[in-house]
Undergrad: 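The structure that follows is given in the form of structure tokens.
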Amino acid sequence: LLQKFNELATLPIYVIGHSSGANLAAALAIRFKEEMRIAGCLLNYPFLDLARDQSTRIELPDTFPTFLLNDWIQLYCPYKELLSRTDVSPILLSEEEADHFPRSVITVATKDRLQEDGRTFARLLSTSRVENKLIEVEERHGFIERQMRNIYLTPEDPAVLNAKKVTDESIRWLLHL
């Protein structure tokens, strides 16, 4: 895209991702920090530490089993020697590397095995003096996508309203509204 539309390099771009998509959004911010003007990241229940032993994650009911996390890692990055790269496991950024990361909103679902990744990354950004907002929601992984698909069918449903509230709060904060 940058080669075809080089004006993108001058526009403020916001990258958003859920779960592994949050990993991709963070990787984009890391890889293209010089070439693009990434103004912010919205990382919802991010999967940011692919290098760790997934069996050491907190066990919670109704969440992903370890074998499934390992399967996803294998699909995402089949080369184990690359898992400790910061553009594959952004949580491994040093404080110095993290200080170039864009301002970010990180949403953590407290009923999610990946919650530690979001909290740890928010702490890293804070330590590196990167403006960030951590939003913790008592929900399961994927609650935004699960609920927002019903926004037109059941707009008054409390779960839909909660997902919309979190999304609206994230976007307002990122855009300085």
Side-chain angles (χ1 to χ4, degrees), residues 1 12-33 36-52 54 56-58 60 62-66 68-78 82-94 97-128 130-149 162-175:
L1 279 176
I13 295 177
Y14 295 86
V15 290
I16 299 171
H18 307 284
S19 192
S20 292
N23 182 299
L24 290 171
L28 184 72
I30 292 165
R31 278 196 171 183
F32 292 101
K33 67 179 182 255
M36 297 175 73
R37 189 173 149 215
I38 298 179
C41 289
L42 173 50
L43 310 175
N44 292 321
Y45 19 88
F47 191 10
L48 300 175
D49 192 352
L50 281 63
R52 81 182 277 179
Q54 300 304 309
T56 64
R57 291 187 180 279
I58 186 172
L60 294 169
D62 301 319
T63 62
F64 310 118
T66 299
L68 194 51
L69 293 173
N70 287 328
D71 286 352
W72 288 337
I73 291 169
Q74 178 66 31
L75 290 169
Y76 187 82
C77 181
L82 300 180
L83 293 177
S84 58
R85 286 177 45 148
T86 57
D87 58 351
V88 176
S89 291
I91 208 162
L92 300 177
L93 286 170
S94 69
E97 292 168 318
D99 73 4
H100 300 291
F101 203 80
R103 67 192 313 266
S104 298
V105 175
I106 301 164
T107 304
V108 169
T110 62
K111 298 177 183 178
D112 179 14
R113 289 187 75 190
L114 301 179
Q115 62 184 283
E116 186 181 338
D117 287 17
R119 287 190 191 106
T120 300
F121 199 65
R123 278 193 305 274
L124 172 63
L125 294 180
S126 293
T127 301
S128 300
V130 173
E131 195 176 0
N132 73 89
K133 179 178 182 75
L134 177 65
I135 300 173
E136 296 196 43
V137 183
E138 192 173 336
E139 277 285 358
R140 291 184 6 242
H141 188 91
F143 77 96
I144 293 173
E145 305 92 304
R146 240 186 349 272
Q147 302 308 329
M148 289 298 280
R149 69 179 174 213
N162 184 46
K164 184 173 182 340
K165 177 183 153 237
V166 171
T167 302
D168 290 347
E169 179 182 349
S170 300
I171 291 170
R172 275 194 307 274
W173 189 87
L174 264 183
L175 298 177

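Just so you know, residue 1 is the first one in the sequence shown, and it goes up from there.
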Undergrad: Provide the closest heavy-atom pair for Leu83 versus Leu92 in the form atom of the first, atom of the second, distance.
TA: O-CD1, 4.4 Å

Undergrad: So, using side-chain hydrogen bond (donor to acceptor under 3.5 Å, both in side chains) as the criterion, who are the partners of Arg149 when residues are at least two apart?
TA: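 Residues passing side-chain hydrogen bond (donor to acceptor under 3.5 Å, both in side chains) with Arg149: none at all.
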
Undergrad: Quick one: do Leu93 and Phe121 satisfy side-chain contact (heavy atoms from CB on, under 4.5 Å)? Show the steps, please.
TA: CA-CA 9 Å; Leu93 286 170; Phe121 199 65; 4.1 Å; yes

Undergrad: Do the side chain of Arg103 and the main chain of Leu174 share a donor and acceptor less than 3.5 angstrom apart?
TA: yes

Undergrad: For residues Ser19 and Leu114, report the shortest heavy-atom separation together with the two atoms involved.
TA: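 Looks like OG-CD1, 4.2 Å.
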
Undergrad: Start with the C-alpha gap between Arg123 and Thr120, add the side-chain angles, then the distance that decides, and say whether side chain to side chain donor-acceptor pair (under 3.5 Å) holds.
TA: CA-CA 5 Å; Arg123 278 193 305 274; Thr120 300; 3.2 Å; yes

Undergrad: Going by heavy atoms in the side chains, are Thr63 and Arg140 under 4.5 Å from each other?
TA: no

Undergrad: If you take the centroid of each ring, where Trp contributes its six-membered ring, are Phe64 and Phe47 closer together than 6.0 Å?
TA: no

Undergrad: Between atom CG of Leu24 and atom CD1 of Ile16, what is the distance when rounded to the nearest 0.5 Å?
TA: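 One gets 13.5 Å once the value is rounded to the nearest 0.5 Å.
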
Undergrad: If I take atom CG from residue Leu42 and atom CD1 from residue Ile106, how far apart are they, to the nearest 0.5 angstrom?
TA: 9.5 Å

Undergrad: Testing the basics here: between Ser89 and Asp49, what is the closest heavy-atom pair and its distance to 0.1 Å?
TA: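 Distance-wise, the nearest heavy atoms are OG-C, 4.0 Å.
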
Undergrad: Working to the nearest 0.5 Å, report the span between CG of Asn44 and NE2 of His141.
TA: 9.5 Å

Undergrad: Near Arg146 CZ, under 6.0 Å, is it more than 12 heavy atoms from other residues, nucleotides or ligands?
TA: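 Atom CZ in Arg146 is crowded, with more than 12 foreign heavy atoms closer than 6.0 Å.
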
Undergrad: Are Ile171 and Tyr14 close enough that some pair of their side-chain heavy atoms sits under 4.5 Å apart?
TA: no

Undergrad: Got a donor-acceptor contact below 3.5 angstrom from the Gln115 side chain to the Thr110 backbone?
TA: yes

Undergrad: Just by distance, do the side chain of Ser104 and the backbone of Asn132 share a donor-acceptor pair under 3.5 Å?
TA: no

Undergrad: Before giving the answer on side-chain contact (heavy atoms from CB on, under 4.5 Å), spell out for Trp173 and Ile135 the whole-Å C-alpha distance, their side-chain angles and the decisive distance to 0.1 Å.
TA: CA-CA 11 Å; Trp173 189 87; Ile135 300 173; over 6 Å; no

Undergrad: When rounded to the nearest 0.5 angstrom, what distance separates CD1 in Ile13 from CE in Met36?
TA: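 It comes to 3.0 Å.
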
Undergrad: Once rounded to the nearest 0.5 Å, what's the spacing between atom CD of Glu139 and atom CD of Gln147?
TA: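 Result: 6.5 Å between the selected atoms.
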
Undergrad: Taking all non-hydrogen atoms of both residues into account, name the closest pair between Cys41 and Ala25 and its distance.
TA: SG-O, 4.3 Å

Undergrad: Quick one: closest heavy-atom pair of Asp87 and Ala27, and the distance?
TA: O-CB, 3.2 Å

Undergrad: Which atom names give the shortest non-hydrogen contact between Phe101 and Ala29, and what distance separates them?
TA: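 Between these two residues, the closest heavy atoms are CE1-CB, 3.8 Å.
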
Undergrad: Please check if the side chain of Arg57 supplies one atom and the backbone of Pro65 the other of a donor-acceptor pair under 3.5 Å.
TA: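 No; zero donor-acceptor contacts below 3.5 Å.
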
Undergrad: Output yes when a side-chain donor or acceptor of Gln54 lies under 3.5 Å from a complementary backbone atom of Arg52, and no otherwise.
TA: yes

Undergrad: Can you tell me how far the CD1 atom of Ile144 sits from the CG atom of Asn162, to the nearest 0.5 Å?
TA: 9.0 Å

